[in-house]
Amino acid sequence: MSNEYSNLEQVRLEKIEELRAEGIEPYPHRVERTHTSVEAVQAFEAVENDENPEEIQATLVGRLRSMRPMGKISFAHIEDGHGRIQLFFRANDIGKEQIDFFNHAFDLGDFIQASGRIFRTRTGEISIWVESFRMLSKAVTPLPAAKDEVVDGEVIQHATLADPETRFRQRYADLAVNADVRKIFRTRAAIVRALQNFMDDNEFLEVETPILQPIYGGAAAEPFVTHHNQLKQELYLRISFELYLKRLLVGGFERVYEIGRDFRNEGVSFKHNPEFTQLEFYWAYADYNQVMELTENMLAFVADQVFGKRTFTFQGHEINLDPPWERIELRQGLIDATGIDINQHMTAESLAAAMKTKGIEVKPDSARGKLIDALISNHLEPNLIQPTFLYNYPRDISPLAKSILGDPTTVERFEGFLGGMELCNAFTELNDPLDQEARFLEMGRDYAEDDEERHPMDDDYLRAMRYGMPPNGGFGMGIDRLTMLLTDQHSIREVILFPHLRSKE
RNA sequence: GGGCGCGUAGCUCAAUGGUAGAGCAGUGGCCUUUUAAGCCAUUGGUUGCGGGUUCGAGUCCCUCCGCGCUCACCA
């Protein structure tokens, strides 16, 4: 971007000069306000049916969203953080000069302070009969919005900002003109708050663990690398919270959770952003069955608290969050979906061969775990619309989970699916330090040097485990995806305020 | 990273290879209860950047930049 101004901007810059020439500061320091738009409406409605209604004086502030000058009167709408309200200006009250001043000096997008009494117009709209007004902040760039109308309290927009690139690069403008976008982020905040309430109610302690980590771990992902100058130390942005949260169980906390940002140096798509928000919790003395139940209750709680109902629509599907969710054993699910029994194919070669006979494309040299992952993603996940748990996963894609009793090749792990998307991942956590050390070595051996699935050895984590870690169940869930599901958004960029985009210059 | 598509005024969009337009916004004027207010007039463009083909390119071809969809990878 350069600092060249468009014609529209030049006009507004001239208006700023005119204001200053008249001794009017277009960006004053102090603001007065007695009512929000919503409070003004409520205050008026509370008294308007009285026998001798009390006259209510109010001072409101907001951004000009529409102006309808009609000669010696003017109508305008301002929008504040709560809603919209109409302003009514009349030459009889404030003089022709003031009407002209308003019409000329003010533009859509400017912030204004207006005082007057609250009344109802002939057409029935509660409005402010303006007696005085002043500029609070002059907008130089016009908002990228055309006209909109209010029908039954709903703002209907006509040809508003729609280009996704501009919307995400200039989210401030997107938010300023698209009320439904603001609503998504209010809902997102409510979802996070509800999750915190639920975890707190269940006596989980909210904690914060390092984002800058000398050794990354807890997930199969490529990290971002950074560097501490003074310490001359390579550091990684975390790819999960897992290993630090489980250290806290060693430290004596029984239930901990964290809601925060993870960073994964991988592809960007409609459901992947390089940084995304996770909820993880670890629960001592619980196993994955108890975590499954808590998960169902957690999502029902969120739905109740945020929406007051447990059914919602996602991309045309009616989804019901009432517990219990459907439970499908992964092995059986894959047999039903593909006819392949993964237990009959304990090597990558055998499984790849079976997949090829079924006409399923196989990436060469894939490890068995990666092949199973591919089967889940391509043949199971898209059909899991209603809330479903897939459980009992192969050990070789779950280096931090505990094996099933009597079956060392399978671990007590489940993933929760909703709307055809993986939403959460949990397991009975491995707490045997010797077993864990063997798994780390195995993960290091089985994958190529540059394979992102390769897990680095975390000696400090192993030391923590050797002090004794209580049996526990762990859980991770993507908050962005949960928000997508609950707000019916197809793209993760719609639920992240400032999604990652390539630099333009 | 691969494939497909897109990029025109502040915004939303037009324009058989032949003078780049419309609505809204803006500017000037009329208008004392409007609400996508209305009426009259009017400004506004290096068509993402750079090359090429052609008498002539928004349009066809190529490079680059960005975005979207999709595949791969992942949560």
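Side-chain atoms are counted along with the backbone in the values below, which use heavy atoms only and exclude waters and symmetry mates. Below, chains carry the letters A, B, ... as their sequence lines are ordered, and counting in each starts from 1.
- Here A/E9 lies out of heavy-atom contact (under 4.0 Å) with every strand.
- Taking CG of A/L279 as the start and CD of A/E206 as the end, the distance is 9.0 Å to the nearest 0.5 Å.
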Quick test: give all pairs of protein nitrogen or oxygen and nucleotides 36-39 of chain B nitrogen or oxygen below 3.5 Å, distance rounded to 0.1 Å.
unit_1 : atom_1 : unit_2 : atom_2 : d
B/A36  : O5'    : A/E149 : OE1    : 3.2
B/A36  : N1     : A/H158 : ND1    : 3.4
B/A37  : OP1    : A/K147 : NZ     : 3.4
B/A37  : OP2    : A/R68  : NH1    : 3.3
B/A37  : N6     : A/P69  : O      : 3.4

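- Looking at A/E494 and A/R167, a side-chain N of the basic residue comes within less than 4.0 Å of a carboxylate O on the acidic one, giving a salt bridge.
- Looking only at atom types and distance, the side chain of A/N425 has a donor-acceptor partner in the side chain of A/R413 under 3.5 Å away.
- Nucleotide B/U32 holds its C1' atom 13 Å from the CG atom of A/N103, rounded to whole Å.
- No engagement by A/L423 is indicated, since no non-hydrogen atom pair under 4.0 Å with the nucleic acid exists.
- With B/U27, B/A75, B/U33 as the candidates, the nucleotide lying closest to the side chain of A/E266 is B/A75.
- Annotation: B/A41 and B/G51 have their P atoms spaced 42 Å apart (nearest Å).
- Remark: the separation of the C1' atoms in B/A9 and B/C61 is 28 Å, to the nearest Å.
- With C1' as the reference atom, B/C64 and B/G44 are 30 Å apart, rounded to whole Å.
- A/I376 has its CD1 atom 13 Å from the P atom of B/C73, to the nearest Å.
- Salt-bridge annotation for A/K370 and A/D373: absent, with no side-chain N of the basic residue lying under 4.0 Å from a carboxylate O of the acidic one.
- Of the candidate nucleotides B/U12, B/U32, B/G66, B/U12 has the atom lying nearest to any side-chain atom of A/D163.
- Comparing atom distances between the A/R122 side chain and each of B/C67, B/U27, B/U33 picks out B/U33 as nearest.
- Partner of A/F75 under the ring pair (Phe, Tyr, Trp, His ring centres under 6.0 Å) criterion, out of A/W129, A/F88, A/F89: A/F88 alone.
- Separation of the C1' atoms belonging to B/C40 and B/C31 is 12 Å when rounded to the nearest angstrom.
- Nearest nucleotide to the A/T121 side chain, out of B/G26, B/U33, B/C67: B/U33.
- A/T388 meets the side chain to side chain contact (heavy atoms under 4.5 Å, CB included) test with A/E326, A/I328, A/L384; sequence neighbours excluded.
- Distance noted for atom C1' between B/C55 and B/G50: 23 Å (whole Å).
- In this entry the distance linking OH of A/Y5 with C1' of B/G26 reads 18 Å, nearest Å.
- On a pure distance criterion of 3.5 Å, no polar donor-acceptor pair joins the side chain of A/N7 and the base of B/U43.
- A/D80 and A/T36 share no side-chain donor-acceptor pair at under 3.5 Å.
- Proximity of A/R12 to the phosphate of B/G26: no side-chain N or O atom is located under 4.0 Å from OP1 or OP2.
- Computed from coordinates, the A/L482 CG to B/A75 C1' distance equals 13 Å when rounded to whole Å.
- At a threshold of 4.0 angstrom between heavy atoms, the contacts of A/Q278 with the nucleic acid are absent.
- Shown for residues 488-496 of chain A: residues whose heavy atoms fall under 4.0 angstrom of RNA chain B, namely A/R493.
- A distance of about 14 Å separates the P atoms of B/U16 and B/C6, rounded to the whole Å.
- Annotation: B/G48 and B/G5 have their C1' atoms spaced 16 Å apart (nearest Å).
- A/A162 comes within 4.0 angstrom of the backbone, heavy atoms only, and of no base.
- Candidate nucleotides B/A72, B/U32, B/C11 were compared by shortest atom distance to the side chain of A/N378, and B/A72 ranks first.
- With B/U70, B/C67, B/U33 as the candidates, the nucleotide lying closest to the side chain of A/F119 is B/U33.
- If you take CD of A/Q10 and P of B/U27, they are 13 Å apart, rounded to a whole angstrom.
- Heavy atoms of A/D93 sit nowhere under 4.0 angstrom from any nucleic acid atom.
- Between the C1' atoms of B/A72 and B/G1, the separation comes to 8 Å (whole Å).
- Contact check on A/K138 versus A/D107 returns a salt bridge, with a Lys/Arg side-chain nitrogen under 4.0 Å from an Asp/Glu carboxylate oxygen.
- Here the side chain of A/E165 is nearest to one of B/G66, B/U34, B/G26, namely B/G66.
- No side-chain N or O of A/N392 forms a donor-acceptor pair with one of A/E412 less than 3.5 Å apart.
- When the ring pair (Phe, Tyr, Trp, His ring centres under 6.0 Å) test is applied to A/F106, the partners found at least two apart in sequence or on another chain are A/F101, A/F102, A/F133.
- Among the heavy atoms of the strands, none lies under 4.0 Å from A/K96.
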In a table with atom names and distances, give each donor-acceptor pair under 3.5 Å that connects a side chain of residues 235-242 of chain A to protein atoms at least two apart or in another chain.
unit_1 : atom_1 : unit_2 : atom_2 : d
A/R238 : NE     : A/R261 : O      : 2.8
A/R238 : NH1    : A/T209 : O      : 3.2
A/R238 : NH1    : A/T209 : OG1    : 3.3
A/R238 : NH1    : A/E258 : OE2    : 2.9
A/R238 : NH2    : A/E258 : OE2    : 3.4
A/R238 : NH2    : A/R261 : O      : 3.3
A/S240 : OG     : A/G217 : O      : 2.9
A/S240 : OG     : A/E242 : N      : 3.3
A/E242 : OE1    : A/Y282 : OH     : 3.4
A/E242 : OE2    : A/K246 : NZ     : 2.8

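- Take A/D458 and apply the salt bridge (charged side-chain N to carboxylate O under 4.0 Å, His left out) test, not counting sequence neighbours, and it matches A/R247.
- Comparing atom distances between the A/F270 side chain and each of B/U27, B/U70, B/U33 picks out B/U70 as nearest.
- A straight line from CG of A/L87 to C1' of B/U34 spans 13 Å, rounded to a whole angstrom.
- Atom NE2 in A/H500 sits roughly 13 Å away from atom C1' in B/C67 (whole-Å rounding).
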